[in-house]
Asks: 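Encoded as structure tokens, here's the structure I'll be asking about.
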2 protein chains.
Amino acid sequence: MPKLSAAAIQGRKDIIEDAARELFIKQGFHATSMRDICKRAEVSLGNLYNYYETKDSIFESIIDKYQTVIDEDLRSIFAEIDEPMEPANLRKLGESVGRLVNEHSDFWLLMYIDVLEFQNRHFRKMFDGITDRFRKVFGEKFKEAEKRGDLRMGVDAAPVFTAVYMQFFNYFLVEKLFGGNQHLGLTDDQALNCLTKVFAYGTLSEDGLARFKKTANKSLSG
Amino acid sequence: MPKLSAAAIQGRKDIIEDAARELFIKQGFHATSMRDICKRAEVSLGNLYNYYETKDSIFESIIDKYQTVIDEDLRSIFAEIDEPMEPANLRKLGESVGRLVNEHSDFWLLMYIDVLEFQNRHFRKMFDGITDRFRKVFGEKFKEAEKRGDLRMGVDAAPVFTAVYMQFFNYFLVEKLFGGNQHLGLTDDQALNCLTKVFAYGTLSEDGLARFKKTANKSLSG
DNA sequence: TTAATAAAAATGAACGTCCGTTTTTTATTC
DNA sequence: GAATAAAAAACGGACGTTCATTTTTATTAA
């Protein structure tokens, strides 16, 4: 048998990792055996070790691959936000986060696995210095908004924006993974409106609210 | 040997559950063996089965016991809040939640174990209908605040209060378990101030802000 | 007060199964 | 037949649980 092409090898790994991911998510890392994985991937047990040194390394490979997908998603979410403190954009952020959580809930379960079974070794960087990162992306916009007087006195936009982002994330994670069915007593749409409104009124000055009035009227009704 | 007193039996179970809890939290449920537990509890392997039918039931017993502790803590946290929408009280809520998370971070790890390894079977009720529960506790106060005109027009206090509560929780959980060291770029104190301020300004009307001004000045500075 | 008793508690070896991994064997392609 | 992939078999060890046995001790009888 000649050596498989790199693409072919990656294809085999994809199949294995898809199977493993589904199992890890359904029943956890330690509750999933190599035999479970090989059965679902329709590969022999021994053959798994032609592609991975250990069971741990399958896990690591999965989250490495997933991380790049999530990073790219987040990048494009932030890329389409031109004015970060505008209520309409905050709401759009919320919608995007909701989509991200729902489409990739697997990923966040893997994060919990990592917290529990690997002392959060692989996800450490997820939240560390997140506000600084937002400051890097939107710092100029934050400064402009402050200079224009859009922000209430004493408000630093960066931590507030981070808080909004975290709140959206937490909202959808609780909905998706923790069994809180409409835990705010609202539909997702209404919850997004409610949260956006609170953060907008909590952050923006009279001037800021007026400036964004047109879009605000659209996005904050309800 | 005549039957041990109920207290004596509970004492033995406490020892076993303490050992099991520490291990579950450190390495997860499936990664912890009955032998690990019996060793740490200094009890023989077989004897575990005089107190628990299965390994699963040890887990269940632990979270049942813990749940009552947490419930009591939460009850007393809410009991000392007389005016839920007052900024000073929101901040106090935040401090209390911070204490709860830090003192009982074990409990929240058990929740993640439950999400991963038991499909959240035991913690389902944690967030389900939480807003309604707050409405039961503070409903009268919410109505009064609305009647007084303390709330911005169209603001329903219950979901906002829930959102504040969730945000505080999430903030401290990220800090404690997910390696976000000062992820808002602020100290805990500053973060509490920032979040409280945003939610206060985001929710209260001019009248409401004025009414709470005295306390607000104290709690919202910084 | 003490010794005998009986029931409960504690023990640890053993069971069958499954674990992650390694080694060996077989199949496939050039 | 050399090289590579895939499959199968085998390995030692650990798993949750069971169970025959031993140890413990509150009660009872002396």
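Residue numbers start from 1 in every chain, and the chains themselves are labelled A, B, ... in the order their sequence lines are given, proteins ahead of strands.
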Asks: Could you tell me the separation between the CD1 atom of Ile16(A) and the C1' atom of dA6(D), rounded to a whole number of Å?
Replies: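 Result: 11 Å.
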Asks: Measuring from the side chain of Met34(B) (C-beta onward, heavy atoms only), which nucleotide among dT11(C), dC15(D), dT17(D) has the closest atom?
Replies: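 The answer is dT17(D), which lies nearest to the side chain.
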Asks: Contact class for Leu48(B) (heavy atom, under 4.0 Å): base, sugar-phosphate, or nothing?
Replies: nothing
Asks: Rounded to whole Å, please give me the gap between CD1 in Ile15(B) and P in dA10(C).
Replies: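 That distance rounds to 10 Å.
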Asks: Val43(B) has a side chain; which of dG20(C), dT11(C), dA6(D) sits nearest to it?
Replies: dT11(C)
Asks: Report the relative orientation of the aromatic rings in Phe138(B) and Phe142(B); use parallel for angles under 30°, tilted for 30 to 60°, perpendicular for over 60°.
Replies: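 Aromatic pair Phe138(B)/Phe142(B) classed tilted.
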Asks: Establish, for the pair Lys55(B) and Phe29(B), whether the NZ or CZ atom is under 6.0 angstrom from the six-membered ring centre and no further than 45 degrees off its axis.
Replies: yes
Asks: For Lys55(B) and dT17(C), what is the distance between atoms NZ and C1' respectively, to the nearest whole Å?
Replies: 15 Å
Asks: Can a side chain N or O of Ser44(B) be found less than 4.0 Å away from OP1 or OP2 on dA10(C)?
Replies: no
Asks: Mind checking whether Phe199(A) and Phe168(A) have ring centres under 6.0 Å apart?
Replies: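 Ring centroids of Phe199(A) and Phe168(A) are no less than 6.0 Å from each other.
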Asks: Measure from CG on Asp36(B) to C1' on dG13(D) and round the result to the nearest Å.
Replies: 14 Å
Asks: Just the rounded figure in Å: distance from C1' of dA6(D) to CG of Leu45(A).
Replies: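 My rounded result for the distance is 12 Å.
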Asks: Taking only the side-chain nitrogens and oxygens of Arg12(A), find out if one of them lies under 4.0 Å from OP1 or OP2 of dA6(D).
Replies: yes
Asks: Any cation-pi pair here, Lys141(A) with Phe161(A), using under 6.0 Å and within 45°?
Replies: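 No, cation not above the ring by the 6.0 Å, 45° rule.
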Asks: Could you check Glu53(A) against Ser33(A) and say which one's nearest nucleotide on DNA chain C is further toward the 5' end?
Replies: Ser33(A)
Asks: Please figure out whether Asn47(B) or Arg35(A) has its closest DNA chain C nucleotide nearer the 5' end.
Replies: Asn47(B)
Asks: Which part of the nucleic acid, if any, lies within contact of Tyr51(B), taking any heavy atom under 4.0 Å across all strands shown: a base, the sugar-phosphate backbone alone, or nothing?
Replies: sugar-phosphate
Asks: Just the rounded figure in Å: distance from C1' of dC18(C) to NE2 of His30(B).
Replies: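 Atom NE2 in His30(B) sits about 12 Å away from atom C1' in dC18(C).
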Asks: In whole angstrom, give the distance that lies between atom CZ of Phe29(B) and atom C1' of dG16(D).
Replies: 10 Å
Asks: Side chain of Ile9(B): nearest nucleotide among dC15(D), dA9(C), dG20(C)?
Replies: dA9(C)
Asks: Can you measure Asn50(A) atom CG to dT24(C) atom P for me and round it to whole angstrom units?
Replies: 15 Å
Asks: Taking side chain as C-beta onward, heavy atoms only, is Leu204(A) less than 4.5 Å from Tyr201(B)?
Replies: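 No, every pair of side-chain atoms sits at 4.5 Å or beyond.
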